[in-house]
Each structure stands twice: as structure tokens, then as C-alpha cells.
Protein chains: 4
Amino acid sequence: MLNRVILIGRLTRDPELRYTPAGVAVTQFTLAVDRPFTSGGSKEREADFINIVTWRQLAETCANYLRKGRLTAVEGRIQVRNYDNNEGKRVYVTEIIADNVRFLESSGGGNREEGGSSNANANAGYGGGSGSSNRGGGSREQQDPFIDDGKPIDISDDDLPF
Amino acid sequence: MLNRVILIGRLTRDPELRYTPAGVAVTQFTLAVDRPFTSGGSKEREADFINIVTWRQLAETCANYLRKGRLTAVEGRIQVRNYDNNEGKRVYVTEIIADNVRFLESSGGGNREEGGSSNANANAGYGGGSGSSNRGGGSREQQDPFIDDGKPIDISDDDLPF
Amino acid sequence: MLNRVILIGRLTRDPELRYTPAGVAVTQFTLAVDRPFTSGGSKEREADFINIVTWRQLAETCANYLRKGRLTAVEGRIQVRNYDNNEGKRVYVTEIIADNVRFLESSGGGNREEGGSSNANANAGYGGGSGSSNRGGGSREQQDPFIDDGKPIDISDDDLPF
Amino acid sequence: MLNRVILIGRLTRDPELRYTPAGVAVTQFTLAVDRPFTSGGSKEREADFINIVTWRQLAETCANYLRKGRLTAVEGRIQVRNYDNNEGKRVYVTEIIADNVRFLESSGGGNREEGGSSNANANAGYGGGSGSSNRGGGSREQQDPFIDDGKPIDISDDDLPF
DNA sequence: TTTT
DNA sequence: TTTT
């Protein structure tokens, strides 16, 4: 009924941009978020590694401007997907579907547009078409679109979070 | 570096209260949080099922006052635990460590105190001791404390989130 | 750069629905939010009284379904307006521009639609026209649109938050 | 009942550290938070100027490490104070009482400790005493403690937010 | 494995 | 009264 998450952390690696069969952009990255305490007597501060997913225009902006190590703020909602793995066991995947991403470290620019604002919002560019007619069909939520097996990904457009 | 989650949803079942070997209270429950849209042409609104963990005083208050179906607000942080399952495979578990829980539906009272405030905060009652000397040992983060196998649970006090 | 507020509290009075000269709906209400502590040795818990503003479709839904005393969750951003009062002194007004409002108490229905979902989001119905051509002009941010002086309100459409 | 704010912005000036009569540290600063849109046809992006208040240990850390222009994340709750000004008119002041502040730009260090973590939490150092016996008295919430008139400030310890 |  |  209300589902809001705000995180600040650093990318563990470069973001991965893909496209659904219908041509909708999705990018995925992981944020390392330091815990607010040290535990177990150890001096080393632990982190949580949290998976972030962005869609459409925001996905492309993230792919262009985010890089491994960058300090980044993410706003979105928690989503729990599930799929059956190759042993027929149900697996649950928790991700943050981001609708607002802030680049907190300027970087010398992305690989496309120059002078981009350090500013990316799910509603900017929204409605700009992007041809979301549903094809690809297939049983929804049945396999993990983020397991990279070399084959073309099969994200049903039903997975679109808006 | 910053990690904040706010959810409103309904308990899918009664909360489960347990104690670590050192006597620290932990309660676990799942919140069904309706998604803000309907998907796949279907009219039925989907939900995310999100696992919540509370500790100490807040754990006991939740166990006393929350019940299946109750509308509840939760504030906390995302935590990603991992452990190796019985096939030696690493499993990741995402949970919300709550530090603030609000009971949005009055209920005729819990099973202990009467007239309790619909209000529960991790810092209330905090510092009240509760004997957190670390015993129990065991390899930290190696097994899921929430897999209920009938045996007494073995949550190391290293797992305490503060 | 990032500005997010989440509140749960009760309406201090019925919401007020108005329209800008261009016909855009605005509703205003105040949320009483109990503080998480009691202060000054007193037993009486204090509250903060926080002004909420909603626009367009969300404004109309709030006007229809919210009433004095209702427990309500609000998500939005803080905005600080300023205007010069009749003594020529600059006055600052802090409000929450809500984009998501949840009705936490069912109520027997609003005064229009029956069976409405307890659910109201700024993006639902967004883009549904509502004739936002800018007329009315006038000096922007010069007087408080929420001071009710009996005269027709003068909210410039420049004040629209999106 | 629930009151949570998260902001990212830049300090408009250096923070101001003061002490209540009982010796409790308070620091105040203003965050300029860019709005997520440009308005009125203008190309210049507007900002909200939001007042932040921190107490105790967190106040001292902020005074040491924050400076004008620094990109900063703030987590806290909205508070609305009121007082009667010199014309006997009630004035309302909205502030964010921060309990978590993140320094998003490293800076070459503060003016006291070296090697400080870019990390400041209200609960660290909390309970460290700080002698909060209430003296100074005076009518609570009657005058604005942040109007700087050259005289020693008179913040009653009743104003402490925890 | 899920709530209204 | 405002920051980059």
C-alpha cells in the first residue's frame, strides 16, 4: 500500500543495460550500502549488497552515467520476484525498482550525451512512446531475466513495473 | 551509507517470536504490500511479500500486538543475509530490520499489557540491558536462523543489528 | 536534489478543495503527527501540524475521501514558498506537496464515487487533460494562495509543482 | 505517528553551533535542495531552502565537518515550532530535526579531529550524559532560539527533541 | 507458503 | 538572506 526505499551507496560494478523483446530498456546494478555499525567485535564495517533495477529512459541514463564505485542515491520500491530454477525449486529475488537515481559524484561525463544533468527521474521522458506492445508472451515470472546465459534475454513486457 | 525503508501493508500471518541463545528477543513476520498498479491486463492487484525482522523490546511489542491481517506501517533498513544451504549453495535472504512499527488498526489489545499505545520504537526500552553477552558462538551468517527445523534456534548474538 | 517525506497522522479538519484560474484542482489539509516522545516532564504527547497540498486528480480524490480525524499516510516533498504579507514583510510557508496519499481508515465512502479504492496517486489520471493552459498570469509567489479572504483565489498556474 | 524526511542538497552557508544554557550542543544550517523540475517557462532550476537542526554529538560533528556548498544527505523528522514575535504575532517555524547526516563530499577534514568518518548518527555518542538538567527555565516555545540578537541564546532544555 |  |  506504501512502499518506499531510499539508499545511498556505491556501485559494485558497471551497470548492465538490456532490452526486453519489445525493446524496452532495463538496467541492473548492485549498490553496496555500508551498515551503520560494526559487528562481531570486528573493526571492518560490513555492507549490504542491494540489487537495483531501472526501466526505460532512466535505464538508459543510468547505463550512460553510472560506473563501478560511484556514490549514488536511489529512490524506489522493493519488489519480490520469484521463479523456478533448473532444479524446479522456487527462488525469491528481492530488488529495488528505482524511479529516481542521483549521481552524487561527477565523473567527466557519460559515453553519449555531453553536459548531462546529474539527475535522473523515471517520469522524465515517460510517455515518450518506446513501443511497449506486449509480445514475447510466455509464462510470467517463470525465469529470472537477470541470469545471464549468453542467450538473448527474455523479459516479458508484463514485467514492466508501471 | 544511507538505507531507509518505509512500508505499509498487512501481516500474512501472526508474528513469530523467538529468542537467541543469549536471550535476545527476535520476531519475524511478513508484510503483504499491494503494488501501485495492476499488471498483465489482469484486474487483480498483485502484492510484494516482504520479510520483517524486529529485535529486543520492539520484537516483544510486535509479538503482543500484531496479528494476521492487521494493517501495519514499518520503518527500517534493508539487510541482505546469506548462508549456505544443505546442498552447499549460497542463499541470499533480504529482510527489513525494523526500528519503528506502527499499528494502524486498533485491535482490542494484545495478550499481555492492556491499553498499550499503538506505537513501537526500537529505541524505547533500548539500553534496558537484556544480557547480550556473546555466547552460542557458531559460524556467523552461515545458516538461516529462520529455517524452523524443530530444534532450538541458534541465532548468534553477532547477528544483532545494533 | 532528493526530497522525500513520509508522514502518518490525522486530519485536523476537512480538506479544502479549490481551483486555480486555469481550472486546476488544489486541495489543502493539515496533518497532526504525534511526536515520538513526550517532553517537558508532561505526560501529554505533542504533535506537529503539517500542511499538505495536493494537485489535480489527487486533489479531487482527497477532497472526496478524506475527512477530519481520518488516519492518513502522505508521501511527497517539502516545499518552501514565500510571499510578502500586507505589512510588506516576507513570510515563509513550508508545505508538503503530496504525490501519494493513502486512506488508512475506511469510512463508508466519499460524496461521489462509491467503492473507491483507498488509494490515491499523483500519476494516476495524470495527463488526463485538465486544461492547464497558463492564463491568470500575475506576479508569481507574491501572495499566499491559502489565505482565505473570501475573494476568488488567485493561484497562478505557475505554481503548479509539475 | 510516523514522520520521516530524507533530503540531499548543499549547505547555503557554514553551520552554526551553539549551546543551550545546560550545555547541550545545537547546530543549525540550511540545505538548498533543487526542485525536480523547472517552472514558469524559466530555464533556471529553483531550489527549496530547508532548515536543519541537529543536537548533541551529531551537532558537534556537523559543525566540524560541514561547510558552505557541501553536498549533504540528511535524515530526520519535520518539526513545527511556534513562538510569538515582538509584535505579539504567532510565527510558525518548520525545521528538520536530523538524526542522521551523511557527508557526501570529502573535504580534507574538519577543524578538530583528523580522519573522521563521513558518517554521523544521532545515536552514536547518545547517552554520553551531557548534563541535561533543566535550568534556564523561561516560557517554553515562546521565542525563537535561532534569532541571533547578539545576546547569549536561551534555548530551554525542554526544547530537546529526545 | 501469503494479506484486505 | 541562500547552494552547485
Side-chain angles (χ1 to χ4, degrees), chain A residues 1-3 80-82 84 89-92 94 102-107 115-119 141, chain B residues 7-16 28-35 38 43-52 66-74 93 103-105 107 144 146-148, chain C residues 1-3 80-82 84 89-92 94 102-107 115-119 141, chain D residues 7-16 28-35 38 44-52 66-74 93 103-105 107 146-148:
Chain A
M1 221 183 157
L2 187 149
N3 182 337
V80 183
R81 285 185 300 122
N82 63 78
D84 294 325
K89 229 185 97 188
R90 177 134 301 188
V91 179
Y92 293 87
T94 301
R102 300 289 150 171
F103 312 146
L104 303 176
E105 288 177 347
S106 49
S107 53
S117 66
S118 59
N119 182 320
E141 299 274 346
Chain B
L7 303 170
I8 299 180
R10 294 182 184 278
L11 291 235
T12 61
R13 54 181 193 280
D14 287 356
E16 278 182 52
Q28 207 270 355
F29 56 92
T30 297
L31 222 54
V33 181
D34 285 339
R35 295 192 179 162
T38 58
K43 215 63 253 247
E44 55 217 71
R45 185 174 296 273
E46 285 177 88
D48 291 290
F49 298 94
I50 301 174
N51 295 316
I52 315 292
L66 288 178
R67 289 293 171 270
K68 178 178 176 174
R70 293 283 162 71
L71 190 67
T72 305
V74 162
V93 180
F103 311 146
L104 302 177
E105 288 177 346
S107 52
D144 186 354
F146 293 116
I147 287 172
D148 193 352
Chain C
M1 222 184 160
L2 187 149
N3 182 337
V80 183
R81 284 185 302 122
N82 63 78
D84 295 325
K89 229 183 98 187
R90 178 133 301 186
V91 179
Y92 292 86
T94 302
R102 300 290 150 172
F103 312 144
L104 303 176
E105 288 177 345
S106 48
S107 53
S117 66
S118 59
N119 183 318
E141 301 273 346
Chain D
L7 303 170
I8 300 180
R10 292 182 185 278
L11 292 235
T12 61
R13 56 182 191 281
D14 286 356
E16 278 181 53
Q28 207 269 355
F29 56 90
T30 298
L31 220 56
V33 181
D34 284 340
R35 294 192 180 163
T38 57
E44 54 217 71
R45 182 175 299 272
E46 285 178 87
D48 291 289
F49 297 94
I50 301 174
N51 295 316
I52 315 291
L66 288 178
R67 288 293 170 272
K68 178 178 175 173
R70 292 284 161 71
L71 190 65
T72 305
V74 162
V93 180
F103 312 146
L104 302 176
E105 287 177 347
S107 53
F146 293 116
I147 286 172
D148 194 351

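All chains are named by letter (A, B, ...) in the order of the sequence lines, taking the proteins before the strands, and each is independently numbered beginning at 1.
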Subject >> Interatomic spacing from CZ in D/Phe29 to OG1 in D/Thr12 - rounded to 0.5 Å >> reply: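 So the gap between those two atoms works out to 9.5 Å.
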
**OP:** Kindly write out the residues that satisfy side-chain contact (heavy atoms from CB on, under 4.5 Å) with B/Asp48, not counting sequence neighbours, or none if the list is empty.
**Re:**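 If we apply the side-chain contact (heavy atoms from CB on, under 4.5 Å) test to B/Asp48, skipping adjacent residues, the hits are A/Asn3, A/Arg77, A/Gln79, A/Val80, B/Arg35, B/Ile50.
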
Original post:
Do D/Leu31 and D/Leu11 come within less than 4.5 Å of each other through their side chains, counting heavy atoms only?
Top reply: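 They are in contact (side-chain heavy atoms under 4.5 Å apart), so the answer is yes.
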
Subject >> Beyond-backbone contact of D/Thr72 with D/Ile52, side-chain heavy atoms, under 4.5 angstrom >> reply: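 The answer is no, as the side chains (C-beta and beyond) never meet within the 4.5 Å cut-off.
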
Identify the pairs formed between an N or O of the protein and an N or O of nucleotides 1-4 of chain E at a distance under 3.5 Å, and give each distance.
| residue | atom | partner | partner atom | Å |
| --- | --- | --- | --- | --- |
| E/dT1 | OP1 | A/Arg90 | NH1 | 3.0 |
| E/dT4 | O4' | B/Arg10 | NE | 3.3 |

**OP:** Determine the minimum heavy-atom distance between B/Leu66 and B/Pro15, stating which atoms define it.
**Re:**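 The answer is O-CD, 3.2 Å.
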
